[in-house]
2 protein chains.
Amino acid sequence: MRQAADLSCSPSIDAQQALARAETLCQQRGARLTDLRRRVLEIIWSSATPLGAYTILDVLRDDGRQGAPPTVYRALDFLLAQGLIHRLASLNVFTGCRRPGSHHSGQFLICRDCGRVSELSNPVIDELLRAETDARGFEVLARIVEILGRCPDCLKEPTRHG
Amino acid sequence: MRQAADLSCSPSIDAQQALARAETLCQQRGARLTDLRRRVLEIIWSSATPLGAYTILDVLRDDGRQGAPPTVYRALDFLLAQGLIHRLASLNVFTGCRRPGSHHSGQFLICRDCGRVSELSNPVIDELLRAETDARGFEVLARIVEILGRCPDCLKEPTRHG
DNA sequence: ATAACAAATGTTATTCTATAACATAACATC
DNA sequence: GATGTTATGTTATAGAATAACATTTGTTAT
Ligand SMILES: [Zn+2]
Ligand SMILES: [Zn+2]
Ligand SMILES: [Zn+2]
Ligand SMILES: [Zn+2]
């Protein structure tokens with residue numbers, strides 16, 4: 001059984017802002033934020049935790065829309081290319097970018113217990129990684145920084161995993 | 001077709017050292033480095049680039065050994081638990097740890113062109129990530145730092161990917 | 001308008017990655 | 001050697017991603 005995503009009926013304030021922001025950015029770039037792509041972005045933002053591609057697909061089907069895996073993966077590819085979402089490689093899930101507009105790799109704190117994700121943007125970390133790669137003559141194309149652990153909220157509760 | 005791993009007939013010097021090191025560590029810990037587990041570790045070290053689980057399975061079958069996915073995944077789980085290998089989440093592959101003995105998450109430079117991987121161990125990066133998580137009251141369980149790009153050797157050659 | 005072209009989506013099938021569940025074998029301890 | 005534990009064998013399935021091709025939609029030029 002797939003994860004039960006916490007999908008509210010209407011997008012949160014953040015989601016509305018993110019969608020508006022996406023509209024603006026795509027318009028500026030001449031990129032087409034189609035109905036499908038916008039809806040996928042909305043689904044992602046409507047969830048408190050990152051979603052897998054097949055969970056998104058389930059929601060699209062609940063919408064009454066036709067669809068198969070390529071449908072959602074193509075939309076995700078577009079959103080990734082536009083820097084509107086990030087993919088978390090350690091979980092195979094997708095989350096909305098809190099700082100779209102400037103393409104970046106992102107740094108993520110992922111809570112093992114509640115699944116929520118915080119996106120960091122620590123330039124010192126970027127700088128340090130750059131120094132390390134520069135010293136080795138390594139050309140960077142993408143950076144993946146994902147930290148798995150337990151968030152402050154979940155630390156307050158009795159541990160669920162030993 | 002699966003990737004053609006560069007598997008030499010005999011393990012390289014590094015592989016021999018790694019296997020000897022693994023023997024010692026497991027003996028000290030009372031962990032059982034069985035034939036299967038040792039062979040999987042050897043297969044991983046015998047490749048110039050990280051291997052996927054199913055590539056390892058193919059080699060096991062070439063050995064004449066019976067096996068199915070759980071066979072190799074269980075061996076990989078053991079080797080991961082012992083800190084003898086790392087999993088690269090961005091590629092779903094496994095690579096030998098260059099510094100076993102001290103369990104760590106590792107930091108990796110992955111070449112897009114030749115597939116080879118360098119394992120860093122920059123304590124400043126660890127320290128910086130710790131400071132960031134401490135400031136947020138986030139308890140760290142695992143860190144994933146993977147940098148995708150092009151290694152110095154491949155930069156010398158004409159680019160293959162534009 | 002409409003023909004021609006490009007971009008986006010629909011559709012079917014397949015590949016790759018990983019685990020669940022249960023059976024058997026090997027190993028250790030008493 | 002009986003018992004309990006650990007490791008492996010085996011079958012089936014779940015989960016993630018892409019290939020290949022058809023159709024639709026949008027854009028541009030005539
Ligand atoms: Zn971001
Ligand atoms: Zn939490
Ligand atoms: Zn290591
Ligand atoms: Zn290279």
Side-chain angles (χ1 to χ4, degrees), chain A residues 1-5 22 26-27 29-41 43-44 49-61 63-82 84-95 115 144, chain B residues 1-5 22 26-27 29-41 43-44 49-61 63-82 84-95 115 144:
Chain A
M1 192 52 174
R2 210 158 291 132
Q3 64 181 295
C26 287
Q27 202 158 9
R29 295 168 181 165
R32 293 173 53 194
L33 187 63
T34 62
D35 281 353
L36 174 63
R37 292 163 174 175
R38 187 185 301 105
R39 179 62 182 136
V40 169
L41 183 60
I43 291 168
I44 289 172
T49 59
L51 299 180
Y54 283 73
T55 303
I56 295 168
L57 182 55
D58 286 343
V59 178
L60 286 176
R61 284 173 169 158
D63 285 355
R65 200 184 279 264
Q66 335 149 259
T71 306
V72 61
Y73 278 104
R74 283 190 286 230
L76 291 170
D77 284 345
F78 172 86
L79 297 172
L80 285 169
Q82 295 298 323
L84 299 171
I85 62 173
H86 294 286
R87 178 174 185 272
L88 303 185
S90 61
L91 298 178
N92 298 324
V93 293
F94 301 85
T95 190
I144 296 173
Chain B
M1 191 53 174
R2 211 158 289 133
Q3 62 180 298
C26 287
Q27 202 158 9
R29 295 168 181 165
R32 292 173 52 195
L33 187 63
T34 62
D35 281 353
L36 174 64
R37 291 162 174 174
R38 187 184 302 104
R39 178 62 181 137
V40 169
L41 184 58
I43 290 167
I44 289 172
T49 58
L51 299 179
Y54 282 74
T55 303
I56 295 169
L57 182 56
D58 286 343
V59 178
L60 285 176
R61 285 174 170 158
D63 284 354
R65 200 185 279 266
Q66 344 157 245
T71 306
V72 60
Y73 277 105
R74 283 189 287 227
L76 291 169
D77 285 345
F78 171 85
L79 297 172
L80 286 168
Q82 295 298 324
L84 298 172
I85 62 172
H86 294 287
R87 178 174 186 272
L88 302 184
S90 61
L91 299 178
N92 299 325
V93 294
F94 301 84
T95 190
I144 295 172

Whole-Å distance separating the [atom1] atom of [X] from the [atom2] atom of [N]:
{"X": "L60(B)", "N": "dT8(D)", "atom1": "CG", "atom2": "C1'", "answer": "12 Å"}
{"X": "R37(B)", "N": "dC27(C)", "atom1": "CZ", "atom2": "P", "answer": "12 Å"}
{"X": "D77(A)", "N": "dA8(C)", "atom1": "CG", "atom2": "C1'", "answer": "13 Å"}
{"X": "D35(B)", "N": "dT6(D)", "atom1": "CG", "atom2": "C1'", "answer": "15 Å"}
{"X": "L80(B)", "N": "dA18(C)", "atom1": "CG", "atom2": "P", "answer": "11 Å"}
{"X": "R65(B)", "N": "dT8(D)", "atom1": "CZ", "atom2": "C1'", "answer": "10 Å"}
{"X": "D58(B)", "N": "dT15(C)", "atom1": "CG", "atom2": "C1'", "answer": "13 Å"}
{"X": "Y54(B)", "N": "dT17(C)", "atom1": "OH", "atom2": "C1'", "answer": "6 Å"}

(message) Would R87(B) and T95(B) count as a side chain to side chain contact (heavy atoms under 4.5 Å, CB included) here? Give the steps.
(response) CA-CA 6 Å; R87(B) 178 174 186 272; T95(B) 190; over 6 Å; no
At less than 4.0 Å, is any side-chain N or O atom of [X] found next to OP1 or OP2 of [N]? Yes or no.
{"X": "R87(B)", "N": "dA18(C)", "value": "yes"}
{"X": "Q66(A)", "N": "dT11(C)", "value": "yes"}
{"X": "N92(A)", "N": "dA17(D)", "value": "yes"}
{"X": "T34(A)", "N": "dT9(C)", "value": "yes"}

(request) Return the 5'-most residue of the pair Y73(A), F78(B) with respect to DNA chain D, ranking by each residue's nearest nucleotide. (result)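 Result: F78(B).
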(request) On DNA chain D, check which nucleotide each of P70(B) and A53(A) is closest to and give me the residue with the more 5' one. (result)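 The answer here is P70(B).
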(request) Examine distances only and state if a side-chain atom of R61(B) and a backbone atom of Q66(B) form a donor-acceptor pair shorter than 3.5 Å. (result)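 Not a single qualifying donor-acceptor pair exists.
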(request) Please confirm whether the backbone N or O of A22(A) pairs with a side-chain atom of R38(A), one donor and one acceptor, at under 3.5 Å? (result)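 Here the side-chain-to-backbone pair does not exist.
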(message) Check R74(A) with D77(A), please: is the shortest side-chain N to carboxylate O separation under 4.0 Å?
(response)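 Judged by the 4.0 Å cut-off on N to carboxylate O distance, D77(A) and R74(A) do not form a salt bridge.
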(request) Please determine, for the side chain of L36(A), which listed nucleotide (dA7(C), dA7(D), dG10(C)) has the closest atom? (result)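 That would be dG10(C).
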(message) Heavy atoms from C-beta onward define the side chain here; which of dT10(D), dT18(D), dT9(C) lies closest to that of R74(B)?
(response)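 It is dT10(D).
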(request) Tell me, with the steps shown, if L84(B) and C26(B) meet side chain to side chain contact (heavy atoms under 4.5 Å, CB included). (result) CA-CA 10 Å; L84(B) 298 172; C26(B) 287; 4.1 Å; yes
